[in-house]
Participant: 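Can you read through this structure? Questions will come right after.
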Amino acid sequence: MKKSKKYRAAEAQIPEAPLAPLAAMKLVQEISSANFDETVTCDFRLGIDTRQADQQLRGTVSLPNGSGKEVRVAVFAEGEAARVAEEAGADIVGTADLMEQIQKGEFNFDAAVATPDQMGKVGRLGKILGPRGLMPNPKLGTVTNDVAKAIKELKGGRVEYRADRYGIAHVIIGKVSFTPEALAENYGAVYDEILRMKPAAAKGKYVKSITASSTMSPGVPVDSSVTRAYTESAE
């Protein structure tokens with residue numbers, strides 16, 4: 001793929017040596033040139049083999065400064081739980097009608113929550129919701145009786161992380177419009193969570209490399225040895 005002049009100019013500003021988190025976030029912002037508020041993500045290349053059942057890595061983490069993304073939440077619930085979901089700010093609440101919309105290919109939401117009693121019905125949508133990452137999952141806190149809490153967390157900045165078949169976890173940490181400190185703090189929350197969830201079966205070096213980038217920019221290497229998100233250089 002041919003690189004644009006702006007992209008090549010941005011690449012020229014990136015040093016070979018990894019930068020401490022705060023410095024990396026500042027550089028990501030400096031080389032951003034798109035005319036929209038780009039999303040900032042971090043790619044964690046991990047020493048795990050996700051083909052092995054005991055080396056899977058998947059979960060959610062709440063970003064202290066939010067993700068900057070408006071999240072539309074659909075809730076599969078009935079009765080009192082449906083009423084609570086509506087009051088908590090769910091964008092769509094329903095069961096049969098919601099399922100019908102999904103079967104027609106209508107996805108007017110970014111995340112889905114379900115009460116446990118609805119999973120017998122929702123399970124039928126697994127082949128549709130699963131590939132899109134929208135299937136409610138108890139391990140991710142999206143199959144719960146406390147729908148209000150789940151909605152609040154999803155809308156407040158909870159993001160999902162999942163290592164792909166290459167052992168790389170791609171995680172949103174905010175927007176280019178955030179302050180560098182806010183991005184660094186969000187990065188720190190994600191980094192701490194990924195370290196905490198290290199599979200027991202993982203061998204050798206766990207975090208091999210980390211790269212931060214905005215939607216349209218090249219990646220900036222982040223020094224994984226720097227544990228304090230606010231520092232600009234290694235201590």
Participant: State plainly whether one hydrophobic cluster holds both V143 and V84, where clusters connect Ile, Leu, Val, Met, Phe, Trp and Tyr through side-chain heavy atoms under 4.5 angstrom apart.
Facilitator: no

Participant: Could you tell me the separation between the NZ atom of K149 and the CD atom of E153, rounded to the nearest 0.5 Å?
Facilitator: 5.0 Å

Participant: Does any non-hydrogen side-chain atom of Q101 lie less than 4.5 Å from one of N108?
Facilitator: yes

Participant: Hey, what do you get for NZ (K139) to CD (Q56), rounding to the nearest 0.5 Å?
Facilitator: 9.0 Å

Participant: Please evaluate residues R83 and E80 with respect to the criterion salt bridge (charged side-chain N to carboxylate O under 4.0 Å, His left out), reporting the C-alpha separation (whole Å), side-chain torsions for both, the decisive distance (0.1 Å), and the verdict.
Facilitator: CA-CA 5 Å; R83 184 191 65 78; E80 178 64 13; 2.3 Å; yes

Participant: If you look at every heavy atom in G66 and F178, which pair is closest and at what distance?
Facilitator: O-CE2, 3.4 Å

Participant: Within the distance-only criterion (no hydrogens, no angle test), does the side chain of Q55 pair as donor or acceptor with the backbone N or O of D49 below 3.5 angstrom?
Facilitator: yes

Participant: What I'd like to find out is whether the side chain of N137 reaches to under 4.5 Å of the side chain of R58, using heavy atoms alone.
Facilitator: yes

Participant: Is the closest side-chain heavy-atom distance between L46 and I194 below 4.5 Å?
Facilitator: yes

Participant: Let me know which of S33, S32, S213, S177 forms a side chain to side chain donor-acceptor pair (under 3.5 Å) with E38.
Facilitator: S32

Participant: Between E160 (side chain only) and T60 (backbone N and O only), is there a donor and an acceptor less than 3.5 Å apart?
Facilitator: no

Participant: Going from CZ on R51 to OH on Y166, what distance comes out if it is rounded to the nearest 0.5 angstrom?
Facilitator: 11.0 Å

Participant: Do the side chains of Y187 and I14 join up, straight or via other hydrophobic residues, at under 4.5 Å, putting them in one cluster?
Facilitator: yes

Participant: Tell me, do L57 and F44 make a side-chain contact under 4.5 Å, heavy atoms counted?
Facilitator: no

Participant: Give me the atom names and distance for the closest heavy-atom approach of P64 to E185.
Facilitator: CG-CG, 3.7 Å

Participant: Does D54 reach the main-chain N or O of A201 with its side chain, forming a donor-acceptor pair under 3.5 Å?
Facilitator: no

Participant: Can you check side chain to side chain contact (heavy atoms under 4.5 Å, CB included) on F107 and L134, steps first, answer last?
Facilitator: CA-CA 10 Å; F107 297 92; L134 296 173; 4.0 Å; yes

Participant: Side chain to side chain contact (heavy atoms under 4.5 Å, CB included), that's the test. Do L27 and E30 meet it? Break it down for me.
Facilitator: CA-CA 5 Å; L27 183 55; E30 288 172 8; 3.7 Å; yes

Participant: Using a strict 4.0 Å threshold on nitrogen-to-oxygen distance, state whether K152 and D146 make a salt bridge.
Facilitator: no

Participant: Distance-only, no hydrogens or angles: does the Y191 side chain make a donor-acceptor pair with backbone N or O of S224 under 3.5 Å?
Facilitator: yes

Participant: Measuring from atom OG1 of T179 to atom CG of N65, what distance do you get when rounded to the nearest 0.5 angstrom?
Facilitator: 6.5 Å

Participant: To the nearest 0.5 Å, what is the distance between CG on D223 and CD1 on I210?
Facilitator: 8.5 Å

Participant: Using only atom types and a distance under 3.5 Å, with no angle test, would you say the side chain of T211 pairs donor to acceptor with the backbone of D43?
Facilitator: no

Participant: Any idea which heavy atoms bring L19 and V220 closest together, and the distance?
Facilitator: CD1-CG1, 4.0 Å

Participant: Would you call E193-R196 a salt bridge at under 4.0 Å N-O?
Facilitator: yes

Participant: Taking all atoms of both residues into account, what is the closest heavy-atom pair of I151 and A88, and its distance?
Facilitator: CG2-O, 3.5 Å

Participant: Hey, does S217 have a side-chain heavy atom less than 4.5 Å from the side chain of V176?
Facilitator: no

Participant: I'd like to know if the side chain of T115 pairs up with that of D117 as donor and acceptor (distance under 3.5 Å, no hydrogens or angles considered).
Facilitator: yes

Participant: Are V159 and V73 co-members of a hydrophobic cluster defined by side-chain heavy atoms under 4.5 Å apart?
Facilitator: no

Participant: Do V113 and I92 sit in the same hydrophobic cluster, where Ile, Leu, Val, Met, Phe, Trp and Tyr count as joined when their side-chain heavy atoms come under 4.5 Å apart?
Facilitator: no

Participant: Between atom CD1 of I173 and atom CG of N186, what is the distance when rounded to the nearest 0.5 Å?
Facilitator: 6.5 Å

Participant: Between P116 and N145, which heavy-atom pair has the shortest distance, and what is it?
Facilitator: CD-OD1, 3.2 Å

Participant: Hydrophobic clusters here meaning ILVMFWY residues chained together by side-chain heavy-atom distances under 4.5 Å, can you tell me if M135 and M99 are in one?
Facilitator: yes

Participant: Just wondering, more than 12 heavy atoms not from R72 lying within 6.0 Å of its CZ?
Facilitator: yes

Participant: When you compare the side chain of K175 with that of T39, does any pair of heavy atoms fall below 4.5 Å?
Facilitator: yes

Participant: Kindly indicate whether the side chain of L98, heavy atoms from C-beta on, has any atom under 4.5 Å from the side chain of F76.
Facilitator: yes

Participant: Taking all non-hydrogen atoms of both residues into account, name the closest pair between A10 and I31 and its distance.
Facilitator: CB-CB, 3.8 Å

Participant: With a 4.5 Å cut-off on side-chain heavy atoms, are T41 and H170 touching?
Facilitator: no

Participant: Is atom CE of M119 surrounded by more than 12 heavy atoms (other residues, nucleotides or ligands) closer than 6.0 Å?
Facilitator: yes

